[in-house]
Amino acid sequence: MATEHDSVELVGDELVGNVARAALFAALMGASAYVSFPNPLSPIPVTMQVLVVFLAGIFLGPVWGGASMVLYLVAGSLGAPVFAGGSAGFGALVGPTGGYLLAYPVAAVVTGAVVHNGVTLGDYRVSTVRLVGAMVAGTAVIYALGTIGFALVQGIGLGAAFWVASAAFIPAEAFKIAAAVGIVRSDAIAAN
Amino acid sequence: MLTYEPGDSFAHRLDPRAKLGVQVAFAAAAFAYTTPAGLVVLGLLALGCLRAANTSVRASLSALKFAVPFLLLAPVVEAFTFGSPWVVPSDAVGPALASVRVVLVFFVAAAYVRTTPIRESRAAVQRLVPGRIGTLLGVGVSLVFRFLPLVRRDLLRVREAQAARLGTERRLDERLSLVAAGGLRRSFARADALSLALRARCFAWNPTLPELRFGRRDVPALVLAAGLWIAAILPLLGFG
Amino acid sequence: MIQAEGIVHRYGETVALDGVDLAIDDGECVVLAGANGSGKTTLVRHFNGLVEPHEGSVSVNGRDVSENLVAARTAVSIVFQHPEDQLVAATVGADVAFGPENLGLDRDEIDRRVSKALEAVNLSGRESDRVETLSGGEVERLAIAGALAMEPDHLVLDEPFTGLDEPARQSVLARLRALRTGGTSLVVVTHDLRDVLSLADRVVALSNGRVVLDGAPEEVASELTDFDVRVPENPC
Amino acid sequence: MIQAEGIVHRYGETVALDGVDLAIDDGECVVLAGANGSGKTTLVRHFNGLVEPHEGSVSVNGRDVSENLVAARTAVSIVFQHPEDQLVAATVGADVAFGPENLGLDRDEIDRRVSKALEAVNLSGRESDRVETLSGGEVERLAIAGALAMEPDHLVLDEPFTGLDEPARQSVLARLRALRTGGTSLVVVTHDLRDVLSLADRVVALSNGRVVLDGAPEEVASELTDFDVRVPENPC
Ligand SMILES: Nc1ncnc2c1ncn2[C@@H]1O[C@H](COP(=O)(O)OP(=O)(O)OP(=O)(O)O)[C@@H](O)[C@H]1O
Ligand SMILES: Nc1ncnc2c1ncn2[C@@H]1O[C@H](COP(=O)(O)OP(=O)(O)OP(=O)(O)O)[C@@H](O)[C@H]1O
Ligand SMILES: O=C(O)CCCC[C@@H]1SC[C@@H]2NC(=O)N[C@@H]21
Ligand SMILES: [Mg+2]
Ligand SMILES: [Mg+2]
């Protein structure tokens, strides 16, 4: 009975746990693309996505936080309706907001690396200054790559790209950073 | 919403790897030939892809909704200059062509989304990305498809429960943090249950993969992908 | 009082509510029964304006719900089917305080309501416990306390017994009985009538989005089984 | 056969299992009862090596579990408490195939197992349905199919009736009865014995991490209420 499955190589327990979390975070990221609120400064709504990028870095660390965002992008380009407004497909990666999308994994890695002071997952309850610094760095990555991507895809100058695609969103990021700080400070999530 | 729909169109029967090849090659060619003539040819090709996928232009435009303001604003802003003459219409031409290009790339991507079930996408990933990374990516992708509707529902419930207790009266960052924290808690709990289930079902590095085989019908798609790639690369080599 | 008139609610093609008329008086104890998918949850979400009807209208205390959301949500509190999704804070006390804080009450009044609500569900003294350390029955009771702290005229409970073991179930039931005696009007949504029938003044059954039965427990008990509802072996 | 000897399991300070000895034979149908927190879930996780005992040992078919994980997990399949979170693919067929695929079986054998398992839970022909379109009872049955496709010697179900309404509960029960008749050995974990007692050869009750009762249903039924278990009004 048992010998027939001798060739099965089980994935290790810890890795299985990390894969499951990364997948759930990717799904959470996808679900937050649907959580949008009107932006007083632009016809394009603000979404909760960037907040989840921060949380991925903070709670999963740079490695698995980044991996979860990669999973998000791959699932979305293969047809999961996870991009802003519930859209799907590879087109989004080379569309006007492609730069933002590709920046998410990088931003999760950067945020996670600053919070955890390296690649290994430590305690995420660091000082508020460090926490905010980590997210500001993540935000900078997102807007830099997002603006460059927009300029390249639309064939316009960086300045124009900044005004069209980025300027109106930056104030909203302050709320997301504050929200992430609130989650960490309030101990809303049990430490594991 | 644009999602997979079962069917038996020509594109439904293609190997997913062939379709992925066409998509990527098409995007590369679209960037290489963002000229009126180039876009006309590519536009016909994109419509052909939609046709082969039995997908309407309207359905594929739904995936583009969010991008529309960006596509319209880019040419307008680029045409604008500080100081006289304020508007230079010719400056808008390049960005407008770029917007058209984006629409065409979306069409071809829509054809893939409409005609490719998750199982096949997963199998394609696991064959295209070698080794253990491919295994994890393949399983991960299928988990995202599976859990997305659940997590969406979680977030809706959390928002609703807060609204019921008038959480709507709070400041934006507090509302955001409540929704995100609720989603996070549920997602962690789901991940714990899931990881146990994956282990109980012997999640392994060397599973039997769903069968994928290139067949004769994939030949036109592969030829098209190769042709588009060559066309995309020629200008870089100094031709064309 | 809650008054629903001709409510129609659709999800895409599905007609979840197909013209529901229902009035619930202050002080009344109503059990809302019906099979899975009969529309119970959808109906109660109309009671405090969490969804808007496609046709018909809902008023609470004589005022249209959609035009007076804050009033409706102060008057009608809902405890949802999945209590774990309703807890917004990390600790018991902070969670119960959430609603009163949103009402803009002062700290003393908030504290008073928190202690009173926790007492009502027998969780006094647990203010600083973390919510994830609670058992299933305690989570359900905490969710009830969160709703009670709004001091609503009507407390609606959507499937409060799901997943509870017998002692937990009994303790929730005992709390509901006490609330009832204290004069709170209750709407209990369930597909399992064991025990709760003794709590009810009135039983309303939904089937396919319509009210199919409405009467005193002893009148309707025998007919309930026709609508896929679990009925106790010796009712009342 | 499953054999647990002197298992102790702690979560930090909490002693969840406090020296459990239990043997379950092939072909046997055991109901494992006990109040919330009595240790039922922890115990069954030991049966296929999902956790390791702090003291004692578990063997399946005579081989130590921790040294033969694949063997233990193919011999003992568990359906856990939240069936929803155990489904790993977006469609019914792909989900059931997941286990057999991991075992490296060839495609024909996988297809055979998938159809057989779906047939056993009455979901034949639903292979390409999306999982989120299934009802609660169907999700539970699908989770059972995923476990059956491993072709285990023992099928363990942890609280399979939680949150199901009466028709769904009956549909799951009917499938379990059919499996039992077909010779599958079952371990059903529950705190609510209505109906399942008729399924059992043997009832084992846990309390505070110890086995407190073990015997034929008719022998132990009267004592079960002492351990916070819901017992049917007319047992068997
Ligand atoms: N968000 C939704 N999207 C689509 N259909 C829905 C949604 N919510 C409910 N429905 C459908 O509406 C109908 C009524 O659902 P509702 O949840 O109100 O029933 P219920 O009586 O509360 O059932 P249960 O006992 O399962 O909680 C069902 O057919 C259900 O499938
Ligand atoms: N992950 C965990 N961390 C800490 N304590 C735990 C954990 N899981 C279970 N426990 C504790 O161990 C004891 C046994 O829990 P277990 O889940 O095995 O009980 P159960 O009989 O399955 O209960 P239920 O009917 O609620 O499912 C309980 O006191 C529980 O609080
Ligand atoms: O999902 C996508 O298609 C990408 C959307 C990009 C939205 C950007 S990210 C930074 C900024 N902040 C927001 O809330 N939206 C934009
Ligand atoms: Mg309901
Ligand atoms: Mg348990």
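Residue numbers start from 1 in every chain, and the chains themselves are labelled A, B, ... in the order their sequence lines are given, proteins ahead of strands.
- Crowding of N68(D) atom CG: a count of heavy atoms from other residues, nucleotides or ligands under 6.0 Å exceeding 12.
- Only the backbone of L209(B) comes within contact range of chain D, with at least one heavy atom under 4.5 Å from a heavy atom of that chain.
- Taking A200(B), A193(B), S142(B) one by one and counting their heavy-atom pairs under 4.5 Å with chain D, the maximum is reached by A200(B).
- Contact count versus chain B (heavy atoms, under 4.5 Å) is highest, among T91(D), I78(D), V131(D), N48(D), for V131(D).
- A distance of 7.0 Å separates CZ of R146(B) from CD of E132(D), quoted to the nearest 0.5 Å.
- Contacts of E84(D) with chain B are made by both backbone and side-chain atoms, with heavy-atom separations under 4.5 Å.
- Using a 4.5 Å cut-off between heavy atoms, I110(D) contacts chain B through its side chain alone, with no backbone atom that close.
- Considering only heavy-atom pairs separated by less than 4.5 Å from chain D, the leading option among R190(B), R153(B), E211(B) is R190(B).
- Between R107(D) and T208(B) there is a side-chain heavy-atom pair separated by less than 4.5 Å.
- Neither the backbone nor the side chain of P117(B) comes within contact range of chain D; no heavy atoms are under 4.5 Å apart.
- In this structure, CZ on R130(D) lies 8.0 Å from CZ on F145(B), to the nearest 0.5 angstrom.
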Next on the checklist: Go through it in stages, so that I can follow the logic: the residues are H82(D) and L196(B), the test is side-chain contact (heavy atoms from CB on, under 4.5 Å), and I'd like the CA-CA distance, side-chain angles, deciding distance and then a yes or no.
Outcome noted: CA-CA 11 Å; H82(D) 300 279; L196(B) 212 56; over 6 Å; no

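- In terms of modelled atom types and a separation under 3.5 Å, the side chain of R201(B) and the main chain of N102(D) share no donor-acceptor contact.
- Heavy atoms of other residues, nucleotides or ligands lying less than 6.0 angstrom from CG of L47(B) number more than 12.
- For R210(D), the CZ atom counts as loosely surrounded, since its 6.0 Å shell holds 12 or fewer non-hydrogen atoms of other residues, nucleotides or ligands.
- The neighbour count for E52(D) CD, taken as heavy atoms of other residues, nucleotides or ligands under 6.0 Å away, does not exceed 12.
- Open room surrounds CZ on R51(B); 12 or fewer heavy atoms of other groups in view lie less than 6.0 Å from it.
- Heavy-atom distances place the side chain of L150(B), and not its backbone, under 4.5 Å from chain D.
- The two atoms that bring L198(B) and F98(D) nearest to each other are CD2-CZ, 3.6 Å, heavy atoms only.
- The shortest heavy-atom contact between M150(D) and C202(B) is CE-SG, 3.7 Å.
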